[in-house]
Amino acid sequence: MIPRKYRLKTQKAFDATYKNRCIVSDSMLTIYAGKIKNDPLQQTRFGFVVSKKFHKRAVKRNRIRRLMRECIRLAIKDAKLGVCENYMSLILIPKEKTIGCKLCDVQKSFFKLIKRLPAAKS
RNA sequence: AGGAGCAGCCGGAUAAUCGCACAAUUUUUUGUGAGGAAAGUCCGGGCACCCAAGGGCAGACCGCCUGAUAACGUCAGGUGCGGGCGACCGUGAGGACAGUGCCACAGAAAUGAUGACUGCCGAUGAUUCCUGAUUUUUCAGCGAAAACAGGCGAUGGUGCAACGGUGAGGUAAGAGCUCACCGGCAAGGCUGAGAGGUCUUGGCCAGGUAAACCCCGGUCGGGUGCAAGGUUGACAAAAAGGUUAAGGUGACCCGCCGUCUUUUGACAAACCGCUUGAGCUUGCAGGCAACUGCAACCCCAGACAGAUGAUUAUCUUAAAACAGAACCCGGCUUAUGAGCUGCUCCUUUUU
RNA sequence: GCGGACGUAAUUCAGUGGUAGAAUGCAACCUUCCCAAGGUUGACGUCGCGAGUUCGAGUCUCGUCGUCCGCU
């Protein structure tokens with residue numbers, strides 16, 4: 001798990017992120033990015049969404065969510081976030097192909113997608 | 001040795017690094033941290049709030065007996081029936097003379113058999129013929145014909161099922177008409193706590209279906225579900241639009257308050273309920289058992305975008321199946337890898 | 001967390017316990033100079049799955065799987 005200050009909490013925060021309509025995706029993940037930060041001291045927050053349509057069983061859904069969390073945690077720890085720090089929030093959504101894959105696969109996909117995010121203006 | 005039946009166990013382990021939730025310490029440490037099904041939500045409760053004076057009807061559910069339990073559609077032990085050579089398994093198992101419905105096709109007929117149709121018979125009565133006696137009339141015949149009256153319920157091979165079955169006697173033909181055995185029913189005796197078991201006697205009336213309606217007996221206040229419900233605080237935000245229903249103002253309409261919807265502001269709450277319980281483990285006692293009583297010991301997840309993960313190494317046959325708590329219990333059902341243990345049965349071989 | 005409905009032909013649906021049907025679509029033929037429309041014929045079904053009741057289940061009972069919807 002990642003500490004509380006890095007988590008997205010309320011339904012409204014999620015809605016606000018979706019509304020920004022800044023999306024990148026590949027065969028593994030889809031990432032929604034929120035607004036550009038005004039206050040640089042504010043932490044970037046992360047949300048993870050795994051719907052029931054992804055897989056019927058709770059164990060499989062928990063597994064992929066934990067992998068995504070681990071990926072983000074390691075990224076924060078090693079300070080590899082890069083462009084992400086400019087955004088207020090990020091939401092990660094897995095795709096059906098992600099079932100059964102390992103941590104390194106998720107990490108590879110995540111860092112690839114980060115590079116494609118539009119860089120912050122000013 | 002092979003093949004079966006039943007009951008049960010296990011549900012990865014160790015180490016290192018990084019990391020999460022809660023609690024206690026106190027300022028960085030320590031402790032604890034998913035399951036046998038946590039699942040499906042199929043039953044039964046606890047708990048909470050709302051409604052309800054009490055009872056009946058209706059309704060829903062249940063249905064061999066006895067016991068267990070807070071309760072149950074659950075469990076235990078037994079009875080009957082069915083299956084299996086057997087160990088053992090399954091069982092939704094009250095009532096079909098209270099009534100109603102249904103039983104396709106086939107078949108004479110599927111349930112008022114006062115017995116239609118198809119049949120069998122010619123004992124009995126009548127008719128005709130023949131023979132004999134009387135001599136026309138009439139009478140008689142172990143005589144014949146036909147099947148009119150009548151007798152009979154065996155024959156009809158269709159069906160899942162035909163108002164008991166098989167065999168013998170019996171008769172004009174037949175028939176529980178009589179007898180033996182089998183099956184079913186009723187009454188009585190003995191036996192068991194009861195379902196029932198068993199023996200004797202009797203007479204032959206009884207199609208199936210109630211997981212069809214129904215009858216009988218039993219149980220049940222209704223609803224909503226911890227997002228129940230309660231406590232404390234904050235904002236008592238702004239704009240736009242609507243006002244069907246309920247409330248206030250008003251005689252009424254409009255309007256206003258209120259209320260609803262949308263948008264924008266990323267701050268928009270915290271606590272209790274929330275885990276000590278029909279609790280776990282061990283021992284003793286009662287009981288065939290389910291289970292119950294007593295004593296000791298233990299505290300064993302409690303989140304709120306929601307905790308057990310990741311990587312590496314070693315081991316186990318192998319980086320292991322089904323699968324993740326959300327108020328809590330008792331069951332049921334379903335899913336499940338590799339293996340292990342105990343008891344029992346059958347077959348074959350050897351001694 | 002709680003509750004409801006539905007699974008039948010390629011598709012949309014019927015179907016009082018007794019032979020599984022309709023419409024559309026598909027294929028072939030007829031009609032037309034050709035196409036459409038029309039007509040004739042045909043192929044299409046583990047009635048979601050597994051047990052039970054019954055002489056006999058698409059239908060009745062139980063379990064199970066899947067899909068959809070609602071409330072909070």
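A quick note: this is a predicted structure, and the numbers were derived from the prediction, not measured.
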**Student:** Under a 3.5 Å cut-off for both contacts, is B:G55 paired Watson-Crick or G-U wobble with anything, and if yes, with which nucleotide?
**Tutor:**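 Paired with no nucleotide.
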
**Student:** In whole Å, measure the gap between the P atoms of B:C204 and B:G153 for me.
**Tutor:**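 About 14 Å, rounded to a whole number of Å.
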
**Student:** How far does the P atom of B:A16 sit from the matching atom of B:U32, given to the nearest Å?
**Tutor:**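 Straight-line distance between the two P atoms is 15 Å.
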
**Student:** Between the base of B:G324 and the side chain of A:R66, is there a donor-acceptor distance below 3.5 Å?
**Tutor:**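 Such a pair exists between side chain and base.
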
**Student:** Pick the nucleotide of RNA chain B nearest each of A:V59 and A:G47; which residue has the one closer to the 5' end?
**Tutor:**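 Looking at RNA chain B, the more 5' nearest nucleotide goes with A:G47.
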
**Student:** Under a 3.5 Å limit for both distances, which nucleotide forms a Watson-Crick or G-U wobble pair with B:G306, could you say?
**Tutor:**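 Paired with B:G306, as far as the under-3.5 Å criterion goes, is no nucleotide at all.
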
**Student:** Can you check the distance between B:G339 and B:A318, where both ends of the measurement are the C1' atom (answer in whole Å)?
**Tutor:**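 To the nearest whole Å, 13 Å.
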
**Student:** Of all the base pairs, Watson-Crick or G-U under 3.5 Å, which form stems of three or more consecutive pairs involving RNA chain C?
**Tutor:**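 RNA chain C forms these stems: C:1-7 with C:65-71, C:10-13 with C:21-24, C:26-30 with C:38-42, C:48-52 with C:60-64.
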
**Student:** Report the glycosidic orientation of B:U311: syn if within 90° of 0, anti in every other case.
**Tutor:**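 Anti conformation here, the glycosidic angle of B:U311 being more than 90° from 0.
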
**Student:** Over how many whole Å does the gap from A:L92 atom CG to B:A305 atom C1' extend?
**Tutor:**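 In whole Å, B:A305 C1' and A:L92 CG are 14 Å from each other.
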
**Student:** Kindly give the atom pairs (protein nitrogen or oxygen, nucleotide nitrogen or oxygen) under 3.5 Å for nucleotides 64-67 of chain C.
**Tutor:**
from  : atom 1 : to    : atom 2 : distance (Å)
C:G66 : OP1    : A:K56 : NZ     : 2.8
C:G66 : OP2    : A:K56 : NZ     : 2.9

**Student:** Using whole Å, report how far CZ of A:R61 lies from P of B:A323.
**Tutor:**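 So the two atoms are 12 Å apart, to the nearest Å.
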
**Student:** Which comes earlier along RNA chain B counting from the 5' end, the contact point of A:K60 or that of A:L67, where each point is its nearest nucleotide?
**Tutor:**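 Counting from the 5' end, the first nearest nucleotide belongs to A:L67.
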
**Student:** Look at the side chain of A:R69 against the base of B:C20 and say whether a donor-acceptor pair falls under 3.5 Å; ignore hydrogens and angles.
**Tutor:**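 Answer is no: no donor-acceptor pair is held.
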
**Student:** Could you state the atom-to-atom distance from CG of A:L74 to C1' of B:G19 in whole Å?
**Tutor:**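 A:L74 atom CG is separated from B:G19 atom C1' by 9 Å.
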
**Student:** Just how far, in rounded Å, is P of B:G19 from CD1 of A:I72?
**Tutor:**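 A:I72 atom CD1 is separated from B:G19 atom P by 16 Å.
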
**Student:** Can you tell me how far apart CD1 (A:I91) and CZ (A:F48) are? Round to the nearest 0.5 Å.
**Tutor:**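 A:I91 CD1 to A:F48 CZ: 10.5 Å, rounded to 0.5 Å.
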
**Student:** Could you identify the nucleotide paired to B:G99, looking across every strand shown and requiring Watson-Crick or G-U wobble geometry with both distances under 3.5 Å?
**Tutor:**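 Across any shown strand, B:G99 pairs with B:C213.
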
**Student:** Determine which nucleotide pairs with B:A145, using a 3.5 Å limit on both distances of a Watson-Crick or G-U wobble pair.
**Tutor:**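 Paired with B:U127.
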
**Student:** I'd like to check the side-chain contact (heavy atoms from CB on, under 4.5 Å) partners of A:R66; sequence neighbours left out, ordered by chain and number.
**Tutor:**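 Only A:N62, A:R69 meet the side-chain contact (heavy atoms from CB on, under 4.5 Å) criterion with A:R66.
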
**Student:** Please give the distance between the C1' atoms of B:G132 and B:C120 as a whole number of Å.
**Tutor:**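 B:G132 and B:C120 have their C1' atoms separated by 35 Å.
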
**Student:** Which whole-number value in Å describes the distance from A:N62 CG to B:G33 P?
**Tutor:**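 In whole Å, B:G33 P lies 20 Å from A:N62 CG.
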
**Student:** If I pick the C1' atom on B:G73 and the same atom on C:G63, what distance separates them, to the nearest angstrom?
**Tutor:**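 That atom pair is separated by 14 Å.
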
**Student:** Whom does B:G115 pair with, Watson-Crick or G-U wobble, provided both distances fall under 3.5 Å?
**Tutor:**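 No nucleotide pairs with B:G115.
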
**Student:** Which nucleotide, in any strand shown, forms a Watson-Crick or G-U wobble pair with B:A180, with both distances under 3.5 Å?
**Tutor:**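 Paired with B:A180, as far as the under-3.5 Å criterion goes, is B:U166.
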
**Student:** What's the gap between B:A52 and B:C22 when it is taken at their C1' atoms, as a whole Å value?
**Tutor:**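 The same atom, C1', in both gives a distance of 45 Å.
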
**Student:** For the P atoms, the ones on B:A123 and on B:A116, what distance do you get once it is rounded to whole angstrom?
**Tutor:**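 The same atom, P, in both gives a distance of 24 Å.
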
**Student:** Nearest 0.5 angstrom please: A:D105 CG to A:F110 CZ, how far?
**Tutor:**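 That separation rounds to 15.0 Å.
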
**Student:** Could you give the distance separating B:A38 and B:G330 at their P atoms, to the nearest angstrom?
**Tutor:**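 To the nearest whole Å, 9 Å.
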
**Student:** With both distances under 3.5 angstrom, what nucleotide forms a Watson-Crick or G-U wobble pair with B:C204?
**Tutor:**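 Base-paired to nothing in any strand shown.
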
**Student:** Base of C:G4 relative to its sugar, syn (within 90° of 0) or anti?
**Tutor:**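 Here C:G4 takes the anti form, which means its glycosidic angle is more than 90° from 0.
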
**Student:** Just to confirm, is there a sub-4.0 Å distance from OP1 or OP2 of B:G306 to any side-chain nitrogen or oxygen of A:R65?
**Tutor:**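 A:R65 to B:G306 OP1/OP2: no side-chain N or O under 4.0 Å.
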
**Student:** For B:C300, does the glycosidic angle fall within 90° of 0 (syn) or outside that (anti)?
**Tutor:**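 Base orientation relative to the sugar is syn.
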
**Student:** Looking at B:C9, which nucleotide sits across from it as a Watson-Crick or G-U wobble partner, both distances under 3.5 angstrom, or is there none?
**Tutor:**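 Paired with B:G339.
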
**Student:** Name the orientation of the base relative to the sugar in B:A34: syn if the glycosidic angle is within 90° of 0, else anti.
**Tutor:**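 B:A34: syn glycosidic orientation.
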
**Student:** Calculate, to the nearest 0.5 Å, the distance between atoms CD1 and CD1 belonging to A:I93 and A:I64 respectively.
**Tutor:**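 If I round to the nearest 0.5 Å, the distance is 12.5 Å.
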
**Student:** Rounded to whole angstroms, how far apart are CZ on A:R73 and P on B:A307?
**Tutor:**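 Roughly 15 Å, once rounded to whole Å.
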
**Student:** B:A307 P sits how many Å from A:F48 CZ, rounded?
**Tutor:**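 Interatomic distance, CZ of A:F48 to P of B:A307: 11 Å.
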
**Student:** Taking syn as a glycosidic torsion within 90° of 0 and anything else as anti, which one is B:G78?
**Tutor:**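 Classified anti.
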
**Student:** If you round to the nearest 0.5 Å, how far is OG of A:S109 from CD1 of A:I31?
**Tutor:**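 Here the rounded value is 7.0 Å.
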
**Student:** Calculate the interatomic distance between A:I64 atom CD1 and B:A323 atom C1'; express it in whole Å.
**Tutor:**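 So the CD1-C1' distance, A:I64 to B:A323, works out to 17 Å.
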
